[in-house]
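Below is one structure, written out as structure tokens, with a few remarks after it.
This structure is a prediction, so every number in the text was calculated from the model and none was measured.
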Amino acid sequence: MLTAIIAVGAVALFFAITLGLAAKKFHVEVDPRELAISEVLPGANCGGCGLPGCSAFAKGCVEGTIEITGCPPGGAGLVEKIAGILGVTADASEAEVAVVICQGDNVKAKNKYKYLGIEDCNAAQQIAGGPKTCPGGCMGLGTCQRVCPFDAIEITEDGLAVIDREKCTGCQKCVPACPRKCIVMAPISATTHVMCNSNDKGPAVKKYCTVGCIGCTLCKKKGSEEGYVIENFLARVDYEKKAEDINAGIEVCPTKCIRDFATEGYPEGSKLVMPNSVDQAS
Amino acid sequence: MESTKYDAKSFKGGLHPPDDFKHFTDKKAIEVCPLPEELIIPLSQHIGAPAKCLVKKGDEVKKGQVIAEPAGFVSLPIHASTSGTVKAVEMRLHPYGTDSMCVVIEPDGNDEWVDGLEGIDPEKATIDEIKAKISGAGVCGMGGAAFPTHVKLSPPDDKKIDKFLLNGVECEPFLTADHRLMLEQTDRMMDGIQLVKKVLGVDEACIGIEVNKPDAIDKCTEVGKSQGVKVTPLKLQYPQGCEKRLIDAETGREVPSGGLPMDVGVVVQNVGTVAAVSDAVREGKPFIERVVTISGAIVKEPKNLLVRIGTPMSFLIEQCGGLTEEAVKIIHGGPMMGNALPSLDAPVCRGTSGVLLFGKDMVRETKIGPCIRCGRCVSVCPVRLMPTTIYSAISYNEVEAAEEACANDCVECGCCGFVCPSNIPLVQAIRQAKNAIWAAKS
């Protein structure tokens with residue numbers, strides 16, 4: 001009994017001394033600012049900054065290898081905090097959120113075939129270009145939902161991805177995940193979008209979708225010359241322009257694919273966040 | 001019963017489909033399909049670079065005229081399959097399912113040949129001249145993959161070819177196009193074999209035929225005896241017709257991972273391809289028509305048709321008396337490796353071996369279940385892969401793990417998905433893995 005206590009005690013003492021010495025000898029200096037920044041970061045390790053994880057971002061900020069505005073989920077509030085820690089000033093740009101620019105679910109838009117394969121948009125895209133006839137439309141198989149680190153994307157019952165603007169931090173992970181490229185980033189204050197991603201000509205769009213942009217240019221001609229850009233038979237909101245310019249296009253759109261979610265609410269599953277209620281943007 | 005008649009060879013793995021469904025068309029002689037109202041000729045009909053279009057809307061073309069030139073060594077010219085006017089050069093549904101650039105020709109009904117198509121005397125011609133005739137006629141593999149034939153016949157100098165194998169296996173259920181061709185056009189095929197033998201410099205050729213085609217085995221054995229062409233009866237086992245499985249069954253050689261048959265001194269050609277080689281060399285006739293099996297329980301009169309490249313599939317169905325009920329699934333190629341099509345607007349291309357139509361009795365709508373680790377996919381894989389491992393790797397986006405599991409060696413024969421009790425689309429997953437591996441490298 002006594003031998004055992006002495007033996008275990010001796011081993012413990014040996015390791016205590018060795019580890020203590022090793023900790024002294026191999027001590028790594030960590031900048032206290034780095035730790036402080038790590039504390040204020042969202043901590044989701046989403047990779048939105050382009051670096052592997054939040055601690056890498058904190059290190060980058062201290063070393064000056066990355067802009068302190070580089071954390072999309074953190075938004076403007078975070079930039080201020082990091083600037084305070086580092087003792088620098090920085091202009092915070094407006095936070096962005098992801099928008100699925102498609103409203104053609106399985107009811108409103110046609111499918112060219114019934115897809116029974118793997119539940120993944122990239123897998124479906126390889127089979128004759130995906131089940132949705134529209135080459136730019138959301139297939140609703142949830143690849144974006146699965147890559148979202150913030151659980152901000154939902155797939156509606158009719159098969160359309162919608163983004164919860166309260167949860168979306170603008171990390172942009174979903175943007176490259178979508179094979180149809182129908183998720184885009186827009187400033188959080190912008191509530192009006194052209195909800196279509198088809199570059200086909202009008203008659204082709206009408207054949208497969210009831211709510212697609214037909215490239216009629218009425219939003220530009222009758223609405224506002226300023227607020228819209230039309231490329232490849234598809235209108236797009238110029239988010240830099242004034243809200244009243246942009247909103248002038250809503251009424252004239254014949255297929256109702258320009259939507260102002262501030263007045264009519266976002267599609268089901270996606271909560272409306274008004275710009276003035278967002279603390280990040282204040 | 002049949003397998004006892006012959007001393008049949010085979011390979012490891014694979015499966016026996018419960019019924020080969022060949023009875024619909026295996027006794028039906030090849031019929032010539034008439035001229036449709038419109039021919040849709042895709043510019044990409046072969047593996048390799050798509051051909052460059054030489055015609056525009058409104059141009060008059062003659063039968064056999066080159067309407068698109070090859071864009072590189074691994075590429076082929078495309079010819080007009082009849083005389084007429086170019087109605088459009090536009091995106092149309094390709095038989096592989098996506099939209100692709102096609103030349104649409106409105107036939108004038110005269111079916112007039114273009115001038116200057118001449119054959120050569122193979123006895124006097126050099127090997128390069130014969131090869132030029134083959135590539136100029138646009139001949140490619142007719143088994144489905146449509147690999148340009150002249151490329152297969154041009155092995156690098158350090159690869160010594162000592163075996164020439166003919167693929168008359170036709171292991172896909174339903175398809176009988178090669179079977180009928182071996183029976184009805186044996187001489188044309190034998191002539192093509194002699195030409196290819198000359199190009200490759202080999203003395204012996206061997207045709208592999210599955211034992212469910214005893215008439216073809218007997219006929220080819222008889223005709224081939226005097227010409228140095230042997231016939232190997234092969235066991236009924238899918239995918240016997242896969243090039244590398246055929247080499248294994250006939251010679252016992254194994255093509256290394258990532259390698260080609262020429263690495264083990266073998267060249268394999270489809271029986272239809274060598275028949276097209278004969279036409280190309282002796283008559284200078286381009287590859288503008290092929291035998292296609294139109295089959296399925298809902299087709300009123302299933303047939304083997306000699307079809308012009310570009311004929312819309314809907315026209316083929318009309319020639320077969322239409323359908324008895326609405327088609328739930330349209331398949332281009334065979335049921336194991338073919339692809340489903342969204343509509344019958346797609347045309348026949350050089351790689352089309354069959355068009356199959358299934359009603360609701362033949363189509364099962366299944367839910368994908370979880371992998372139960374039963375290992376059936378592993379036991380049937382002819383390449384000895386572990387499809388379930390690749391599937392789970394790619395489900396978690398582990399591209400490197402999928403590559404280590406040799407996803408790139410998969411021949412996409414579909415055995416694994418066919419036997420999976422959980423209905424997991426394993427081939428789709430492996431294709432996804434292949435694409436991800438390719439994307440990670442480029």
Got more than 12 heavy atoms from elsewhere within 6.0 Å of [atom1], [X]?
X	atom1	answer
B/Met362	CE	yes
A/Glu67	CD	no
B/Lys360	NZ	no
A/Lys59	NZ	no
A/Lys220	NZ	yes
B/Glu400	CD	no
A/Glu63	CD	yes

Inter-chain contacts: residues 426-442 of chain B against chain A, heavy atoms under 4.5 Å: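 Against chain A, the residues of residues 426-442 of chain B that fall inside the cut-off (heavy atoms, under 4.5 Å) are B/Gln428, B/Ala429, B/Arg431, B/Gln432, B/Asn435.
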Considering all heavy atoms, the nearest B/Thr98-A/Gly129 contact: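 Heavy-atom minimum between the residues: CG2-N, 3.9 Å.
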Heavy-atom pair of closest approach, residues B/Gly97 and A/Ala128: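 Where B/Gly97 meets A/Ala128 most closely, the heavy atoms are O-CB, 3.3 Å.
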Interface residue of largest heavy-atom contact number with chain A, from B/Ile368, B/Asn397, B/Ile394, B/Ile424, under 4.5 Å: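 Answer, by heavy-atom pair count under 4.5 Å with chain A: B/Ile368.
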Winner by heavy-atom pair count (cut-off under 4.5 Å) against chain B, out of A/Lys114, A/Gln126, A/Lys112: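 Most heavy-atom pairs under 4.5 Å with chain B: A/Gln126.
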Contact origin within A/Asp120 toward chain B - heavy atom pairs under 4.5 Å: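 When you check distances to chain B, only side chain atoms of A/Asp120 fall under 4.5 Å.
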